[in-house]
Amino acid sequence: MIRWLGIHYKFPPVATVSSRRLYLLYKALSELTEEQVVVTSAEAAKRPTEAAFFHNFRLSQVGGRGIREWLYGAKHNVVPSAHKQRPGYDALVRLRETSPFDHWLGEGGPTYKKLAYRRAAQLVEQERITHLFSSFRPWVDHQVAAKLKQRYPHLHWIADFRDLPMDPLRSPPYGLERHKRLLKDRLAYVDELWTVSEGLADQFKRYHDRVKVVYGGLDELPKANSWQSDRFTINYSGSIYPDLQVVSPLLACLERLTEQGRVDPEQILIRYAGRDRQLFADQLSKTDLPIKTELNDTVSMEKAKGFQQQTHINLLLSWSTETYRGVLTAKLYDYLAAGRPILALVNGPDDPELKAIIEGSESGKVFFGSMRNSEGNGSGHLLRPGESLRPAEVYKEKNVRPDNNSATLDEWLLKLYDDWSANNGALSWKPKPEMLKHLQPLPILERLLRPN
């Protein structure tokens with residue numbers, strides 16, 4: 001018998017990436033547990049919502065405003081771009097992830113932490129709770145759960161991580177080594193640690209000995225799609241991290257195929273939808289090809305799914321180093337569900353886990369560039385604070401070569417383009433839904449929670 005208590009500052013239907021994972025997990029949990037109740041923030045519930053995340057899960061809301069709400073209000077799910085340009089913004093963000101400042105500057109502030117703990121303790125006693133679940137980020141939910149575990153040691157505490165707190169590819173908090181030690185201390189009371197990929201699991205095994213992978217979750221299996229268009233369409237949905245994700249390998253491929261007379265760039269449409277419209281436009285501006293573009297701001301999940309299904313290729317941009325892999329974003333699962341070919345460009349060394357999911361299910365193709373120069377030296381090391389991967393312009397530089405020949409990318413893309421041309425704007429390509437069932441949340445959680 002499993003009676004489940006979740007601690008989640010931001011919970012569906014709040015329109016955030018974390019809500020997507022939580023929504024899918026709780027859908028599966030509703031079939032595996034006798035009771036589920038979630039302590040969440042009344043303040044976070046004021047943020048914009050996503051219709052696809054509406055539910056009837058049982059919630060218990062508490063108050064508490066964090067510095068984010070005090071400075072920017074609760075009407076945005078992301079900080080407005082203009083605010084990010086203000087002096088001191090980056091330093092404040094780093095402080096918010098730094099102990100002990102995270103106590104005052106973190107999501108919900110001290111008030112949410114106190115009220116969430118008090119409400120959760122009442123529920124543990126009243127509802128005969130057996131399992132405790134919290135998910136990072138934010139840190140505050142794990143902090144509340146840790147206090148509960150210490151007070152009620154019978155609880156089976158599962159701590160979920162979508163990201164590594166000290167992500168080696170982004171700015172870590174001040175005092176990196178101290179925070180690594182602190183992470184291990186914070187996980188001392190955790191019974192199980194869940195994370196989203198084998199790559200991240202390898203990182204967390206340095207801090208905990210019971211790490212399990214719960215993939216981001218495939219909400220539905222793909223269906224055959226005969227969508228047709230007079231333009232060969234390439235779709236990208238979501239955020240852009242300009243130091244990590246780059247479109248230039250795709251643009252270089254199209255330039256080569258155009259020069260060879262094998263592709264007509266005026267027949268190609270590149271579509272974008274997300275909060276980083278201008279960043280994506282800046283990357284597309286690096287080519288002079290007369291490619292048609294359609295640039296959209298953030299859209300609803302329903303509309304984003306429409307874009308992902310009404311395309312000939314879904315473009316996935318990822319990154320890796322020799323010691324940091326397994327970047328499996330929520331977008332990957334949306335693309336898999338869409339049932340259209342996926343073109344994944346990894347900025348860094350090959351990512352075997354990403355390749356196993358995409359190519360193992362015959363859902364598309366993964367290409368990577370390991371940033372090796374002509375002398376064979378690589379940059380696939382764990383990056384230091386302030387250091388970033390070199391942009392994938394390396395695909396076009398004469399003295400740098402990707403690990404897998406760029407001609408392979410040309411041939412793969414050309415094969416789909418020729419298929420589209422021969423079939424009057426459609427593709428003969430079909431998805432393989434039976435090869436994706438293992439990525440659905442219910443069988444994963446059933447195996448973890450009901451091993452016998």
Side-chain angles (χ1 to χ4, degrees), residues 17 94 97 136-137 161-177 179-180 183-184 193 195-208 211 213 215-216 238-250 252 279 283 315-332 342-359 365-397 399-406 408-409:
V17 174
R94 291 183 68 191
E97 301 289 333
F136 174 86
R137 52 189 65 184
F161 286 84
R162 300 181 306 279
D163 304 289
L164 188 68
M166 286 77 65
D167 189 330
L169 295 179
R170 304 178 194 175
S171 296
Y174 300 110
L176 178 58
E177 292 304 318
H179 279 80
K180 288 181 178 180
L183 175 59
K184 192 165 188 175
L193 189 154
T195 191
V196 297
S197 72
E198 295 290 351
L200 277 180
D202 289 341
Q203 298 283 335
F204 278 111
K205 286 174 183 176
R206 305 173 186 177
Y207 307 100
H208 200 274
V211 180
V213 175
Y215 286 114
S239 302
I240 289 286
Y241 299 95
D243 291 333
L244 303 175
Q245 300 166 294
V246 283
V247 186
S248 52
L250 171 63
L279 288 174
Q283 294 210 19
L315 177 64
L316 182 71
L317 303 177
S318 190
W319 62 90
S320 67
T321 72
E322 293 289 354
T323 54
Y324 186 82
R325 301 179 183 180
V327 180
L328 306 181
T329 61
K331 178 164 50 259
L332 167 64
I342 299 171
L343 168 58
L345 301 177
V346 179
N347 190 5
D350 191 15
D351 190 326
E353 188 173 11
L354 181 65
K355 179 179 285 188
I357 291 175
I358 293 178
E359 298 187 6
K365 191 72 174 176
V366 179
F367 299 91
F368 59 94
S370 68
M371 314 307 162
R372 289 189 174 88
N373 60 28
S374 57
E375 283 73 38
N377 299 319
S379 62
H381 55 273
L382 195 64
L383 300 182
R384 296 178 290 275
E387 184 181 7
S388 64
L389 287 173
R390 296 177 58 196
E393 283 297 319
V394 296
Y395 280 84
K396 299 173 69 176
E397 294 174 5
N399 66 329
V400 182
R401 57 177 174 81
D403 275 351
N404 51 348
N405 195 304
S406 60
T408 307
L409 171 58

Any side-chain heavy-atom pair of L317 and I240 under 4.5 Å
yes

I'd like to know if the side chain of N347 and the backbone of L244 have a donor-acceptor N/O pair within less than 3.5 Å.
yes

Any idea which heavy atoms bring P349 and S320 closest together, and the distance?
O-OG, 2.5 Å

In the structure I gave you, are the side-chain heavy atoms of W319 and V327 within less than 4.5 Å of one another anywhere?
yes

Would L354 and L332 count as a side chain to side chain contact (heavy atoms under 4.5 Å, CB included) here? Give the steps.
CA-CA 9 Å; L354 181 65; L332 167 64; 4.0 Å; yes

Closest approach of S248 and Q283, non-hydrogen atoms and distance?
N-OE1, 4.5 Å

Rounded to the nearest 0.5 angstrom, the CG-NZ distance for L316 and K365 is 15.0 Å

Backbone N or O of G216 within a donor-acceptor pair of the R162 side chain at under 3.5 Å?
no

Do the rings of F161 and F136 sit parallel, tilted or perpendicular, given the 30° and 60° boundaries?
tilted

Gap between atom CZ of R206 and atom NZ of K180 - 0.5 Å precision:
6.5 Å

L345 and its side-chain contact (heavy atoms from CB on, under 4.5 Å) partner, picked from V247, V246, L315, V366:
L315

What are the two closest non-hydrogen atoms of G238 and K331, and how far apart are they?
CA-NZ, 4.1 Å

In short, L183 meets P165 closest at the heavy-atom pair CD1-CG, 4.1 Å

Can you tell me if E353 uses its side chain to pair, donor with acceptor, with the backbone of S197 under 3.5 Å?
no

Looking at Q245 and Y241, would you say the former's side chain and the latter's main chain have a donor-acceptor pair under 3.5 Å?
yes

Sorted by chain and residue number, the side-chain contact (heavy atoms from CB on, under 4.5 Å) partners of V213 (sequence neighbours excluded) come out as E198, A201, Y215

How long is the straight-line distance from CG of L343 back to CG of L250, given to the nearest 0.5 Å?
6.0 Å

Quick check: closest heavy atoms across T195 and F204, and the distance to 0.1 Å?
OG1-CE1, 3.7 Å

Of the non-hydrogen atoms in L409 and P249, which two are nearest, and what is the gap between them?
CD2-O, 3.8 Å

